Amino acid sequence: MLLKVFYDSAFLKHNPGGWHPESPARLVSALEAVRHLPRIDIMERCRKATRDEIELVHTSEYFDYINSIPDEQTMIDPDTGYGPGSYTAALKAVGACIQAVDHVLAGESYRAFCAVRPPGHHAYSDRSKGFCVFNNIAIAAKYARVKKDMSRIAIIDYDVHHGNGTQEAFYDSPEVLFISSHQYPFYPGTGPASDIGSGKGEGYNINIPLPYGMEDEQYLEIFKHRIVPEVDKYKPELIMVSSGFDSHRDDPLAGLNLSSDIYGKITEMIVDLANKHCYGRIVSVLEGGYNLIALKESVSNHLKELVND
C-alpha cells in the first residue's frame with residue numbers, strides 16, 4: 001500500500017515563540033520518521049485553503065480576525081502563539097488536509113498522512129484555542145461531506161486532549177461520527193461521557209474519558225471493545241484520524257502512560273476497519289505530541305501500519 005504524505009516547508013515557518021512546546025522541531029522529528037520508511041510518497045507543496053473552505057467550519061468574523069493580525073509575533077489566545085509565517089502555514093495546513101481527502105477519494109492512494117502544523121482539533125468555529133488556529137480535520141471532513149457527497153465519515157481522535165473544536169463542529173450531525181478518547185479531567189476541560197450529541201446528531205458524538213496513568217493494556221481493551229464496535233456499527237465511507245501522540249508516557253504535557261508501540265497497534269485496528277467498510281480509505285492528520293523522541297517513534301509506528309495492508 002502506497003501512503004501519500006502531505007507536507008509543506010511553510011509549516012516550519014509557523015513560530016509560536018521560542019519557549020512554546022508546539023515548535024517547528026516537532027515536525028522535523030515527525031518527518032524523520034516519514035523519510036526512513038518505504039512505500040511513502042511525499043507531496044512537498046500544498047495549496048492554501050480558500051476562504052469558502054475555511055468557512056465550512058469557521059465564522060466569517062473569525063476568518064477576518066485571523067486575516068487582520070499584524071505580521072508580527074503575538075499571542076492570539078493564552079495558549080496559541082502566532083508569528084509572521086503563521087497565516088500561510090495555517091491556510092496550507094487546511095489545504096493539505098483537503099488535498100488528502102481529494103487524493104484518497106479519487107483512489108490515487110487509499111491512505112494519506114497530513115504532516116501539518118499548526119494543529120487544529122481545539123479550534124472552535126469562532127476562536128483559536130490550544131495551539132490551534134483553524135480546525136484542519138473538521139474543515140476537511142466538512143469538505144468531504146459537502147463537496148464530495150460523503151454521508152458517513154468517522155473521525156477517531158486519540159490525542160490526549162479532548163477534540164473540543166471538532167466536537168462542536170459536528171455535535172448535531174449524524175453525517176460525522178466523532179469519537180474522542182482523552183485524559184479527563186484535563187485540558188481543555190471538555191469531553192465528559194455525557195456529551196453524546198444533540199438533535200439528529202445524538203449518539204454520534206462519543207467521548208471516552210481516560211484516567212491519569214492509564215497504560216497500554218487498558219487502552220487497547222478500550223479501543224478494541226468500545227471504539228472498534230462503534231465504527232463497525234456506523235459503517236463509514238471514510239475514516240479520518242486526529243493523530244495526537246501526546247498520550248505517550250514521556251510527553252511533558254499530559255499524564256497517560258502509553259508506549260510508542262501502542263500507536264502501531266491501534267492503527268492496525270483502524271486499518272482493519274477501513275478495509276472492511278470504506279475500501280481502506282484513511283486520512284490521518286497530525287495533532288499533538290511534544291517529546292521529540294517519542295513523537296518520532298510513535299509516528300513511525302503509526303505510518304508502518306498505514307502502509308501495511
Side-chain angles (χ1 to χ4, degrees), residues 21-22 25-26 29-30 32-33 37 113 119 121-122 130-131 137 154-164 166-167 177-196 205-233 239-274 282 284-308:
E22 205 292 283
R26 296 181 58 244
S29 290
E32 287 177 1
L37 293 173
F113 178 68
H121 72 153
H122 292 310
F131 312 166
I137 196 167
I155 299 177
I156 300 171
D157 186 332
Y158 56 69
D159 191 281
V160 77
H161 306 101
H162 178 237
N164 52 303
T166 310
Q167 172 175 287
L177 172 69
F178 177 61
I179 305 176
S180 177
S181 60
H182 47 272
Q183 185 179 336
Y184 185 86
F186 195 50
Y187 184 91
T190 54
S194 56
D195 284 354
I196 60 170
N205 190 90
I206 299 169
N207 287 314
I208 304 174
L210 307 176
Y212 177 89
M214 176 171 278
E215 299 188 348
D216 284 8
E217 185 175 344
Q218 298 166 286
Y219 187 66
L220 283 174
E221 287 298 302
I222 286 172
F223 209 95
K224 180 178 180 180
H225 295 295
R226 295 192 62 187
I227 295 176
V228 168
E230 292 290 349
V231 178
D232 251 336
K233 182 170 63 176
I239 294 177
M240 304 187 73
V241 186
S242 268
S243 297
F245 300 97
D246 40 9
S247 297
H248 196 283
R249 61 171 63 108
D250 294 332
D251 197 275
L253 298 189
L256 296 188
N257 198 29
L258 304 184
S259 71
S260 302
D261 292 342
I262 197 76
Y263 298 103
K265 293 175 181 177
I266 62 176
T267 303
E268 183 179 7
M269 286 188 265
I270 293 170
V271 166
D272 286 344
L273 286 166
I282 299 171
S284 174
V285 180
L286 180 64
E287 300 283 3
Y290 304 97
N291 178 293
L292 300 184
I293 295 173
L295 179 62
K296 178 181 176 180
E297 293 174 352
S298 302
V299 170
S300 178
N301 289 334
H302 176 56
L303 299 186
K304 284 176 184 176
E305 293 302 326
L306 286 182
V307 299
N308 180 15

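These figures come from a predicted structure and were not determined experimentally.
How far CD1 of Ile282 is from CZ of Phe113: 12.5 Å, rounded to the nearest 0.5 Å. In this structure, the separation between CD1 on Ile270 and CD on Glu268 is 11.0 Å, given to the nearest 0.5 Å. Taking CZ of Phe178 as the reference point, atom OG1 of Thr166 lies at 5.0 Å (rounded to 0.5 Å). Note that the NE2 atom of His121 and the CD1 atom of Ile155 stand 12.0 Å from one another [nearest 0.5 Å]. The line from NE2 of His225 to CG of Leu220 is 9.5 Å long, rounded to the nearest 0.5 Å. Note that OG of Ser260 and NZ of Lys296 are 11.5 Å apart. Values are rounded to the nearest 0.5 Å.
The shortest distance between side-chain heavy atoms of Phe223 and Lys265 does not fall below 4.5 Å.
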- Task: Please test Met214 against Ile222 for side-chain contact (heavy atoms from CB on, under 4.5 Å), starting from the C-alpha separation and ending with a verdict.
- Result: CA-CA 11 Å; Met214 176 171 278; Ile222 286 172; 3.5 Å; yes
- Task: Take Asp272 and Val228 through the test side-chain contact (heavy atoms from CB on, under 4.5 Å) and record every step on the way to the result.
- Result: CA-CA 10 Å; Asp272 286 344; Val228 168; over 6 Å; no
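Of all non-hydrogen atoms in Asp195 and Asn205, the two that sit nearest each other are O-ND2, 3.0 Å. Across Ser242 and Asp157, no two heavy atoms sit closer than the pair CB-CG, 3.4 Å. Contact record, Leu177 with Glu230: CD2-O, 3.8 Å, taken as the closest heavy-atom pair. Nearest heavy atom pair, residue Gly264 against residue Glu305, reads O-CG, 3.1 Å. Taking both residues in full, the closest heavy atoms of Tyr158 and Ser243 are given as OH-OG, 3.2 Å, listed atom of the first, atom of the second, then distance. Contact detail for Asp250 and Ala294: the closest heavy-atom pair is CB-CB, 4.5 Å.
Side-chain atoms of Asp246 do not come within 3.5 Å of backbone N or O of Asp251 as any donor-acceptor pair. Formation of a donor-acceptor pair under 3.5 Å by the His248 side chain with backbone atoms of Asn291 is not found in this model. Proximity of a side-chain donor or acceptor of His122 to a complementary backbone N or O of His162 within less than 3.5 Å is detected. Looking only at distances, a side-chain donor or acceptor of Asp216 sits under 3.5 Å from a matching main-chain atom of Ser259. Remark: side-chain polar atoms of Asn257 are not paired, donor with acceptor, to backbone N or O of Glu215 under 3.5 angstrom. When atom types are taken as modelled, the side chain of Thr267 and the backbone of Tyr263 share a donor-acceptor pair closer than 3.5 angstrom. With hydrogens and angles disregarded, no donor-acceptor distance shorter than 3.5 Å links the side chain of Tyr212 to the backbone of Phe186.
For the residue pair Tyr219 and Ser247, no side-chain donor N or O sits within less than 3.5 Å of a side-chain acceptor on the partner.
The 12-atom threshold is not exceeded at CD1 of Ile293, counting heavy atoms of other residues, nucleotides or ligands nearer than 6.0 Å.
Under the 4.0 Å criterion applied to side-chain N and carboxylate O atoms, Lys224 and Glu221 are not assigned as salt-bridge partners.
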